[in-house]
Amino acid sequence: MEGLIMTAQLLLGLSILVGLHELGHLLAAKAFGMRVEKYSIGFPPKIWGKKFGETEYSIGAIPLGGFVKISGMIDESLDTKTLSEEPEPWEFRAKPAWQRLIVMLGGIIVNVITGIVIFIALVYSNGEDFLSKEELNKHGIVAYDLGLQLGLQTGDRILNINGKDYETFSDLRSPNVLLGTDGFYTVDRGGKTITIPIPNDFIDKFSDKKAAFFRPRESFTVGQVREGSNADKGGLKEGDRIVAVAGVPVKYFDEFKTALDSVPGGQINATVLREGRELAMAFDISEDATIGFYPTMELNYSHRDFTFGEAVVNGTSQAFNVVFYNVKAFGKMFSGDVSPSKSLSGPIGIAQFFGGTWDWNNFWRITGLISMVLAFMNLLPIPALDGGHVVFLTWEIVTGRKPSDKFLENAQKVGMVLLLGLMSYAIFNDVYKLF
């Protein structure tokens, strides 16, 4: 079921974004009097189509892209049969270079606008939940495998990042930090100040979804107890506080979880505080090292709402940060600090970002992110992408010389080979990571 939900979210998100991207090309072309022959969401074979005026609008059976076909333009269809004739006034090739440039940028512009609008709407409607630096440093962090490899330890209190102060827990693991160069954390460890360097290739390890980094350390009480669970059978009730396991004091949830992990399938004796009285209890532990209750964590998360003006500024910043982080990630790949196999994702990888449950806030957040990534990727100077056309048109505007149709046709073929190769690699990489 989770796979179906992931797939449905991927197809809906891509259909919206591709539809809007191609609509940007269509509207710009029609605004300059160009004839648009086809507008399709999805690639052939066609499963539905209807003609309105001069344009056929259709839905293709392969929902991983789309296209518009503009008369007189050398595109991925490689339809060049009319190029030997004199251009008609409504053809793409008959229009001034600046108009053709705007048409090619139309899809990218719409994707950028879409991403910005989505982020603004999310910020304005949801506000922001955050854990402040002061609240985080009440108990410090819990360091997992990746954090331990870095040099962090459970109980560390993080004082600053790269010598600069920070405001919230999310700042510590932001892409800006993890994609940086020669970064470091400054921590307080038992009253001693220590510097923890962040290797330049650290993001490569962090991108491995199986690698746990660190999280806030939290004290806890017993929340909901599952009926019939080992916790229920042992007498545990909501509101209880587990203060010791096997005679060893327990204050934080990570300490309690470590005690359970040490004897999966076994049994523990615990001291439980209930309404000021200490009770002795024994619990069987399941094979997955749980006893059957949900903890209520005791850190105080803050919430702030934004005015519409603040949401515009914050949402726009978040949207363009996506592009900024992609540029930094590409730089890391070219420098060898980041492995392309861990950073590039195809349809399967993108679907996993949506997750196996349908959460509209998460859906729109991921869709907004993908919209900005699509804008960035489409602007890359690769023939067959919008960015390739932009390069050739910019050359024509600057020099006054238009590349020959034969050159554009061959460039389109090279671009198609590159894109198909890249897509094949991404899909193979997705499958490889699955197994």
Let me see the working for Y39 and F67 under ring-ring contact (aromatic ring centres under 6.0 Å, His included), right down to the final yes or no. CA-CA 6 Å; Y39 167 91; F67 63 93; 8.8 Å; no
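- Using a 4.0 Å cut-off between charged nitrogen and carboxylate oxygen, D261 and K257 count as a salt-bridge pair.
- The pair D165-K133 meets the salt-bridge criterion, since a charged nitrogen lies less than 4.0 angstrom from a carboxylate oxygen.
- Between E396 and R100, at least one side-chain N (NZ, or NE/NH1/NH2) sits under 4.0 Å from a carboxylate O, which counts as a salt bridge.
- The pair K30-E54 meets the salt-bridge criterion, with a side-chain N (NZ, NE, NH1 or NH2) lying under 4.0 Å from an Asp/Glu carboxylate O.
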Worked check of ring-ring contact (aromatic ring centres under 6.0 Å, His included) between F330 and F376: CA-CA 11 Å; F330 266 77; F376 169 71; 5.4 Å; yes
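- Counting only residues at least two apart or on different chains, the ring pair (Phe, Tyr, Trp, His ring centres under 6.0 Å) pairs with a member in residues 132-177 are H139-Y252, F169-F214.
- A side-chain donor from one of T186 and N160 sits under 3.5 Å from a side-chain acceptor of the other.
- One side chain, S286 or D288, offers a donor N or O that lies under 3.5 Å from an acceptor on the other.
- Side chain to side chain, N176 and S174 fail the donor-acceptor criterion of an N or O pair below 3.5 Å.
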Could you go step by step and tell me if E56 and K69 meet the salt bridge (Lys or Arg N to Asp or Glu O under 4.0 Å) rule? CA-CA 10 Å; E56 180 188 34; K69 179 160 177 49; over 6 Å; no
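- Side-chain contact, N126 with N361: a donor N or O sits under 3.5 Å from an acceptor N or O.
- Screening residues 1-33 for ring pair (Phe, Tyr, Trp, His ring centres under 6.0 Å) gives H21-H25, F32-W98 as the qualifying pairs, with residues at least two apart or on separate chains.
- In this structure the side chain of W395 reaches within 4.5 angstrom of the side chain of R401, judged on heavy atoms.
- Residues V177 and R173 form no side-chain contact, since every pair of their non-hydrogen atoms from C-beta on lies 4.5 Å or further apart.
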Verdict with reasoning, L105 to L379, per side chain to side chain contact (heavy atoms under 4.5 Å, CB included): CA-CA 8 Å; L105 289 171; L379 196 54; 4.1 Å; yes
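- Looking at heavy atoms from C-beta onward, V431 lies in side-chain contact with I348 at the 4.5 angstrom threshold.
- Geometrically, R304 engages F130 in a cation-pi contact, judged by NZ or CZ lying under 6.0 Å from the ring centre and within 45° of the ring axis.
- No donor-acceptor distance shorter than 3.5 angstrom exists from the side chain of N362 to the backbone of G355, with no hydrogens or angles considered.
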